[in-house]
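To start, the structure itself, in structure tokens.
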Amino acid sequence: MTHALYHHTLADIARHLGVAFDGDADKPIRGLATLKEAKPDQVAFLTNRAYLKDLATTQAAAVLLHPEHGKNCPVPKLEMENPYLGYAKLSQLFDPLPARDKPGIHPTAVVADSVTIGKGVSIQAHAVVEEGVTLGDRVVIGAGSVIGADSMVGDETRLHANVTVCHGVVIGKRVILQSGCVIGGDGFGFAHDGAGWHKIAQLGGVVLGDDVEVGSCSSIDRGALGDTLIGDDVKIDSQVQIAHNVIIGAHSALAGCVGIAGSTQVGKHCMLGGGVGLSGHLTICDGVQVTGMSLVTNSIHKPGVYSSGTGAMANSQWRKNAVRFKQLDEIAKRLSRVEKSTRDT
């Protein structure tokens, strides 16, 4: 992708990555692209062996790749042990979004008189910032977003359009909240009297650490009494549900459609695949990876990879297996009787 607003030289690119390079230091670089589609003013990258076939014919100005592939590169190369990380860093240079941020308050925004506003803050059209809110330096509040009373937003945090931050929420520095997410809505708390439900007021809040990202249409509920806590550098995908009083440890990542029931604690450096469900009041230790669509109903105390469920198969085979599954208990009992009889004999 090329953006006319952004112009860097090959030397700038190498300096940004902290790597050596060969080629014309003053070569203008105006964007990033795949090996196959790159033009002579773009940098390409090779992070997947499946695309090695495109390396020999690339027209890129330079290629970011692992040293093991450098000898086969026909154009200037930028060698890194982790080229995917290099690609992530370069993508920031060509992101057009920050250039569109204009400090100031849009005429249609509604900002309470008691709001504390830091330096270089951008509050865009139709945003609402309620009483007692504190906004750090260079915060961006996207169009139509709402920040509830007495909340705090750290420096360089960005709320995209139509984000809802409810009252009494604390958000760290450099946080990104994607459109449609709700931070600090009521947790799912009700008491039943035998005839109907009575709502339990949710009196806690939500605390997001630094460098957290929350995907579009995800919800993080406020605590019933204490706070729901999301640690530093946690990455949360779209359409994730985190219930009241959940704790997520630093540097963990949750893929789309994960659901975590109330008061469960997830450790540091954990990864939950798409569609994973965690029951309530569990403890998941540090360094756990749960593969997609797994259901976790017991605490996990040992790091490692955990899975449940079965992969897709032909319907005819699945139907046979489903019948066998219902027979497992009886088969196990019969086997136990046979083993006991054999021992007795």
Side-chain angles (χ1 to χ4, degrees), residues 1-103 120 122 124 137-138 140 142 155-158 160-161 173-179 210-216 233 235-238 251 253 255-256 271:
M1 181 178 294
T2 297
H3 297 290
L5 291 175
Y6 296 91
H7 181 150
H8 302 279
T9 65
L10 185 56
D12 294 333
I13 298 295
R15 191 179 305 112
H16 186 72
L17 296 175
V19 301
F21 70 98
D22 56 352
D24 180 4
D26 296 324
K27 176 75 174 178
I29 305 297
R30 296 185 174 85
L32 305 177
T34 62
L35 286 167
K36 190 173 184 178
E37 297 176 350
K39 296 177 174 59
D41 62 352
Q42 294 176 307
V43 168
F45 53 94
L46 175 61
T47 60
N48 188 323
R49 289 178 177 272
Y51 298 101
L52 266 172
K53 63 184 184 299
D54 297 325
L55 181 59
T57 57
T58 187
Q59 300 298 308
V63 177
L64 176 63
L65 40 59
H66 190 276
E68 69 175 311
H69 302 307
K71 62 182 182 297
N72 299 317
C73 185
V75 299
K77 53 186 178 291
L78 301 160
E79 295 181 341
M80 291 185 69
E81 290 295 323
N82 187 345
Y84 194 66
L85 176 60
Y87 162 61
K89 292 180 177 179
L90 285 186
S91 69
Q92 300 297 323
L93 290 180
F94 297 97
D95 184 1
L97 190 60
R100 294 201 293 262
D101 297 333
K102 296 180 179 180
S122 174
Q124 298 174 2
D137 296 342
R138 297 174 296 283
V140 177
D155 296 348
E156 299 180 18
T157 284
R158 174 185 295 274
H160 286 265
K173 299 177 181 178
R174 300 175 300 278
V175 171
I176 299 174
L177 302 180
Q178 300 288 352
S179 295
D210 297 340
D211 302 298
V212 170
E213 180 161 351
V214 181
S216 59
D233 194 38
K235 308 304 182 186
I236 299 171
D237 199 359
S238 301
H251 314 295
M271 293 188 290

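Every heavy atom of this structure was used, including side-chain atoms; hydrogens, water molecules and symmetry mates were not.
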Gap separating the CE atom of M80 from the CG atom of L90, nearest 0.5 angstrom: 8.0 Å

Nearest heavy-atom neighbours spanning [X] and [Y]:
X: P76; Y: G23; value: CG-CA, 4.0 Å
X: Y87; Y: L64; value: N-CD2, 3.3 Å
X: D155; Y: D137; value: OD1-N, 2.8 Å
X: L17; Y: K89; value: CD2-CB, 4.1 Å

Pair S179-S216, side chain to side chain donor-acceptor pair (under 3.5 Å): steps then yes or no: CA-CA 5 Å; S179 295; S216 59; over 6 Å; no

Is there a donor-acceptor contact under 3.5 Å from the side chain of [X] to the main chain of [Y]?
X: E37; Y: T34; value: no
X: S91; Y: A88; value: yes
X: D26; Y: T9; value: no

pair H8-F94: side-chain heavy atoms closer than 4.5 Å: yes

Exercise: do E81 and H66 side chains pair donor with acceptor under 3.5 Å: yes

Short N-O contact, R174 and D211, less than 4.0 angstrom: yes

Enclosure of K173 NZ (heavy-atom neighbours >12, cutoff 6.0 Å): no

